[in-house]
Number of protein chains: 2
Amino acid sequence: MADSRTPRSAEGLGSSSPAPAVTRAAAVMDALAEAPSGRLTLSDLSRELGIPKSSTSNLLLALEEARLITREGADFSLGRKLVELGAAYLSRLDEVQEFYKFCEQAPTLSGETVRIAMIDGDHIIYLARYEGHPAVRLTSNIGDKMPLSLSAVGKVLLAQLHDHDIEAMFPDDVELPVMTPKSLRSAAELKAQVAAIRKQGYALEDEESTLGVVCLAVPVPTHGAHGPSLGLSVTALKATFSEEQAALMVKELKELAHSLGNPMG
Amino acid sequence: MADSRTPRSAEGLGSSSPAPAVTRAAAVMDALAEAPSGRLTLSDLSRELGIPKSSTSNLLLALEEARLITREGADFSLGRKLVELGAAYLSRLDEVQEFYKFCEQAPTLSGETVRIAMIDGDHIIYLARYEGHPAVRLTSNIGDKMPLSLSAVGKVLLAQLHDHDIEAMFPDDVELPVMTPKSLRSAAELKAQVAAIRKQGYALEDEESTLGVVCLAVPVPTHGAHGPSLGLSVTALKATFSEEQAALMVKELKELAHSLGNPMG
DNA sequence: CGCGCTTGTTCAATCCACTGAACAACCACC
DNA sequence: GGTGGTTGTTCAGTGGATTGAACAAGCGCG
């Protein structure tokens, strides 16, 4: 595999962590998650993270004992406990439960593919997916991440941030990730869209991440200071996408967003 | 909340871990996952895990920095990164992808609620769920755990283990968890069922975890030494459950299990 | 208000986890 | 087989993480 010359030191900069072992352990899990094959050996990890082999070995032993990772012969991969913990996190979000209920009984949305996502650094992360009919079978799964600039939810959540935060994340000379010919290229384009989204209250993604597929998204108003902002999106095939249908979907999305934003029984 | 008098020391026994900080950090996440509300304060954690407050504080800081947990005012809860990591784990299991594909095009299963699960200590953990029609809407989610003795998949996976392992997990005087009047009560009953399951090649759960609901399950043959064993199950309403339908479902489940067990393109 | 009980944060001394070098095994390639 | 490159494990010394006591801040109560 060539050789990934990226000894990205696990230490962030002011390399002092209140509990270095924990920070390094987290870096190990990150590395495993990002590894294409999902499997790395002790030496791989030691090299990539810049941690001495002996220390890495200790970390791996401890992580394995906690079932956060698994050893399979010589190489390590993520452990099942992570699925449990991730599920535990999701089960605490009442929004997810209500999301499903609403989708099922919504006139238009009940037949569509709807998702709820959350902003997470400079990406969004999908929390749940409702699939009304399998016409559009998405390749994305719960827990998957997407760049902000490439998805309708990403853009709508970006629009909720303060301008100076946006500026910090997207200076004028950034290179945006590109997935299709229609993906946004420049920070200027992105900021123009953000302005438009703020006016109209929803975001549109027009084949920017997948050709033939469009997406609509609205933000969920954050009730109180309770965590980061959520967003909702519908996905449809561009071929079967009409203005009137879009209007209906946006309307229902906004209803759902409103009911998620105002906690109730 | 009464007061949970369970200062379950984080240290397992031979309290020596090759990287104590990591072990303790894992214990912190466990505690957060198990806490009914999902939120605990520094003092809660310090008390429950028997870790000095100052050390706990450091752990929490490091965990927060890694986004493995989140601080919300005074109390802590699990972090979003866990969803990512859990998803990363699942995305590596090709079985899950093929599971979905197969369910969609299977004559009988395509209309049912099918799940794939994995053995995880003395529990099973659900990895994916296919929902053909929303007749039976399950309350369980991906990542949820269930005792072995209470589910069809649990029993079928138990039947795959060696007798002495079963004996170790279920000595004759264990108290089994009970969820309905029809739940198995004694280890003897369980072992009798295991014997039967080995003969017939599938397991049946008859209202043992939820009244009105039945389950069928088959094991997935482990190809190679590749990880722990998987199991498949169909869930149906007892009211609409017939012998002939059961036979069809078991047949298709076995086909799916076979194709999962023999990796292919 | 003052008291008792929490809570979380600070800090210097100690102990233990981390380190690096030396080790044994292994594989690939002449 | 010899050789240079791995791999992962072992172990004693040391530097830094961990600790507990002392701290400040908050809360309920009489």
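Heavy atoms only: backbone and side chains are in, while hydrogens, waters and symmetry mates are out. Keep in mind that this is a model prediction, so the values were computed, not measured. First the proteins, then the strands, lettered A, B, ... as listed; each starts at 1.
When distances are taken from the side chain of Lys53(B) to each of dT7(D), dG8(C), dC18(C), the shortest belongs to dG8(C).
Rounded to whole Å, atom C1' of dG8(C) lies 9 Å from atom CZ of Arg71(B). We find that CZ of Arg47(B) is positioned 13 Å from C1' of dG8(C), with the value rounded to whole Å. Spacing between atom CG of Leu42(B) and atom P of dT9(C) amounts to 7 Å, rounded to whole angstrom units. In this entry the distance linking CZ of Phe76(B) with P of dT7(C) reads 13 Å, nearest Å.
For dG8(C), neither phosphate oxygen OP1 nor OP2 lies less than 4.0 angstrom from any side-chain nitrogen or oxygen of Ser57(B). When the side-chain nitrogen and oxygen atoms of Arg24(B) are compared with OP1 and OP2 of dT18(D), none of them lie within a distance under 4.0 Å.
Formation of a donor-acceptor pair under 3.5 Å by the Ser46(A) side chain with backbone atoms of Thr56(A) is not found in this model.
Closest approach of Gly143(A) to Ala87(B), counting heavy atoms only: CA-CB, 3.5 Å. Nearest heavy-atom pair across Lys191(A) and Pro171(A) is NZ-C, 4.3 Å.
Between Leu61(A) and Leu59(B), the one whose closest nucleotide on DNA chain D sits nearer the 5' end is Leu61(A).
Look at Arg198(B) and Asp163(B) and you find a salt bridge, because one of the NZ, NE, NH1 or NH2 atoms lies within 4.0 Å of a carboxylate O, short of that distance.
Heavy atoms of Ser54(A) sit under 4.0 angstrom from at least one base atom.
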